[in-house]
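Being a predicted model, the structure only gives us computed values, none of them experimental. Every chain is numbered from 1, with letters handed out A, B, ... down the list of sequences.
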2 protein chains.
Amino acid sequence: MVTIKDIADRAGVSFSTVSKALRDSPLVQNKTKQHILSIAKEMGYQPNLAARSLVSRKSGAIGVVWPSIERAALSSLITKINEQLEKKGYITLLSISHLESAIEIFRRYQVDAILVFGDRDSISSFSSISPLQIPILTYGAAGYTPFSTVDVNRGQAVRLAVRHLARLGHKDIAYIGEPQTQDPLQTVKIEAFRDEIVQLGLQARDNAVLQMNGLEFHDGYLAARAMLEQTPRPTAVISGGIDLTRGILRAIGEHGLSVPHDVSVVSYDNLPQMEDIGVPMTVVGVAIATITAHITTAILELIDQPESLKTVYLEPELVVRASTSHLNND
Amino acid sequence: MVTIKDIADRAGVSFSTVSKALRDSPLVQNKTKQHILSIAKEMGYQPNLAARSLVSRKSGAIGVVWPSIERAALSSLITKINEQLEKKGYITLLSISHLESAIEIFRRYQVDAILVFGDRDSISSFSSISPLQIPILTYGAAGYTPFSTVDVNRGQAVRLAVRHLARLGHKDIAYIGEPQTQDPLQTVKIEAFRDEIVQLGLQARDNAVLQMNGLEFHDGYLAARAMLEQTPRPTAVISGGIDLTRGILRAIGEHGLSVPHDVSVVSYDNLPQMEDIGVPMTVVGVAIATITAHITTAILELIDQPESLKTVYLEPELVVRASTSHLNND
DNA sequence: ATCATAAATAACAACGTTGTTAATTTGATT
DNA sequence: AATCAAATTAACAACGTTGTTATTTATGAT
């Protein structure tokens, strides 16, 4: 492994000058700086993070706790965050262990900050975390943790969807999303749905919220099949997430119906790929890029001011595309 | 952060004695060792990995490249490997970036070894990796890489399944798995299936291998529905993986049929959870614990002997449970 | 040419560990 | 009680980097 001393020898300068040159310090002449830089490149120099970390007392690493690795929905979030932090010179350590052991490992590794994705499991164990020096940011767990947090106003997103459909004349709206779970991220959406239906004086049928067991393609598919057999059939449906939406579209297609002519569909999850999953989808939610940007910023701020407590609550938007239309009265 | 010097002060010994005591060196008296240990524990000492890494020239980290984070099938593999390596004092850095950038990061972080899960993407970029000092182990890419590798004899697994069903009297066997992909991990199974059918002189119907687009629950479900409508209906089916199997069982159930009475099912993937997904499944494959044990061992060996080239080819087994039975001639 | 000053570079200490070598203490042997 | 070896502990150098301080070199005014 080539070190700054090797470069120094080759360049005929002292190693401290090399160090400064590599960090682009103004204390070293431009000419020598260029010279050193080219030698470093030629030799394939890579800084030793351990040494740097030792002296700077920062690891340059950020721990991401992601206990439920199966949930693919979050994967684009992680990928983006990973990318953005990398640009800022941080490496992300992804841990799939449970919260407690993940934090234990991160502590030993002396990460500069920890990002926790809130879900059933982690939320319940937040309380058991003994205070530590490492700043923690949680996502999707507002109100459930004593730590800094970035979150999305999920209830508001669903309300936007209901209002949009109501404005288009729809009165009989169904919601497909996980109802029987303890996951507060899901229940808040369903509660908002029920409440907004009442607020707007719309039809509040008993089975407006479809029963299901998960948030995956097949769950959406089955729930949509059940929904389509109801009489009268709902004229619009709100989906709780992208995977569900895919299943719903499949079921509608197999049933010989078309979107939005026969059924309008609004989906939660404001992702780029929502534009090309068959029908360009009308969606509600905070754009993924917005979420990741806020998370990244918040983490970096937290590293600068470890004692501060930030709470960011992102407001969702409605993006109207081709999957919703005025109610057909034929 | 408490260091060995802090402990030394408190214990009234030199910091080098503390270092030795903590590493359980025989060079320090048992009495003082206990004393130091108790103080360290009391103060909540955590070794500084950066410092240790600097002097030992090892990072104690192993990079895992997992580009297709969506594939949930591998998640239990990773979790187990993570666990085992942790026991050996290693931390695993999981990277969801593509192979090249993942390796770049790992190089900078000076991981002691890199584990790459082979898939479409990574296999094609293996060739572009410039030689580096860090040993690489690949999984599921035997024959496609110049690196050490642990792999499963997938073809043999499918052959075992066919033979088992043939022995039970089945002559009309279908295979549900991804046929139209470039993924060599899948095609090798299908080729083995076709070949073994011929070898045993069984019925080789045209549509024995079902068309499908993926390896998830819903893909299996749809393929199984299609299969059940064929006349004559196959009396047995081999599934290409656990998620598919779940979908297949669902479809069979919805069709009013029962396993194994009406249809025998053998599934690829020898996982513990195969015992309780409705019907206890007859499976073929290498037990997940065996795979992870071999991967872990291989990585540790590779760290010890970076220059060596190991190739481990694991032979699958047949585990007979309740999802297969003799052919019914009623 | 001489000196003050600024610019550029070199030297040094520190970060927290580990492994090696030196110093001290202990205990047995005479 | 003196000696020597063994056991125990302390001191030191090193790992590769950064930040601070000291030294050298160049620049300009007198």
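Listed nucleotides dT18(C), dT17(C), dT9(C) differ in distance to T3(B); the shortest reach to its side chain belongs to dT17(C). Nearest nucleotide to the side chain of S14(B), out of dT8(D), dA11(D), dG16(D): dA11(D). Relative to the side chain of V55(B), the nucleotides dA11(C), dT18(C), dG16(D) differ in distance, and dT18(C) lies closest. The side chain of S19(B) has dT18(C) as its nearest neighbour among dT18(C), dT9(C), dG16(C). Checking dG19(C), dT17(D), dT17(C) against every side-chain atom of N48(A), the shortest atom distance belongs to dT17(D). With dT18(D), dT18(C), dT9(D) as the candidates, the nucleotide lying closest to the side chain of F15(B) is dT18(C).
Contacts of T32(A) with the nucleic acid, taken as non-hydrogen atoms under 4.0 Å apart, involve only primed sugar atoms and P, OP1 or OP2.
Here the side chain of S25(B) pairs no donor or acceptor atom with the backbone of K20(B) at under 3.5 angstrom.
Side-chain to base pairing of K20(A) with dT20(D): one donor and one acceptor N or O lie within less than 3.5 Å of each other. Applying the 3.5 Å distance criterion, the base of dA11(D) shares a donor-acceptor pair with the side chain of S16(B).
Under 4.0 angstrom from either OP1 or OP2 of dA10(D) there lies at least one side-chain N or O belonging to T17(B). Put simply, R57(B) has no side-chain N or O that comes within less than 4.0 Å of OP1 or OP2 on dA14(D). OP1 or OP2 of dT18(D) lies within a sub-4.0 Å distance of a side-chain N or O belonging to R52(A). Close to dT9(C), at under 4.0 Å from its OP1 or OP2, lies a side-chain N or O of Q29(A).
To the nearest 0.5 Å, atom NE2 of residue H35(A) and atom CZ of residue R10(A) are 9.0 Å apart. Between atom CG of residue D9(A) and atom CZ of residue F15(A) there is a gap of 11.0 Å, rounded to the nearest 0.5 Å. Interatomic distance, CD of Q110(B) versus OG of S53(B), reported as 7.0 Å (0.5 Å rounding).
Distance NZ (K58(B)) to P (dG16(C)): 24 Å, rounded to an integer number of Å. Rounded to an integer number of Å, the gap from K31(A) NZ to dT25(D) P is 15 Å. Spacing between atom CD1 of I7(A) and atom P of dG16(D) amounts to 12 Å, rounded to whole angstrom units. Across the protein-nucleic acid pair, K5(B) atom NZ and dT9(D) atom C1' stand 17 Å apart, rounded to whole Å. At whole-Å resolution of the value, CE in M1(A) and P in dA14(D) are 22 Å apart. D6(A) has its CG atom 8 Å from the P atom of dG16(D), to the nearest Å. dG16(D) atom P lies 10 Å from atom OH of Y45(A), rounded to whole Å. In this structure, I4(A) atom CD1 and dA14(D) atom P are separated by 16 Å, rounded to whole Å.
A donor atom on one side chain and an acceptor atom on the other are found under 3.5 Å apart for Q84(A) and T292(A). Judged by distance alone, the side chains of S14(A) and T17(A) do bring a donor and an acceptor atom under 3.5 Å apart.
Two residues, N30(A) and Q46(B), neighbour DNA chain C, and the one matched to the more 5' nucleotide by heavy-atom proximity is N30(A). Mapped onto DNA chain D by nearest heavy atom, L54(B) and L27(B) fall at different nucleotides, with L27(B) at the one closer to the 5' end. Comparing A50(A) and V28(B) by the nucleotide of DNA chain D that holds the closest heavy atom to each, the one mapping nearer the 5' end is V28(B).
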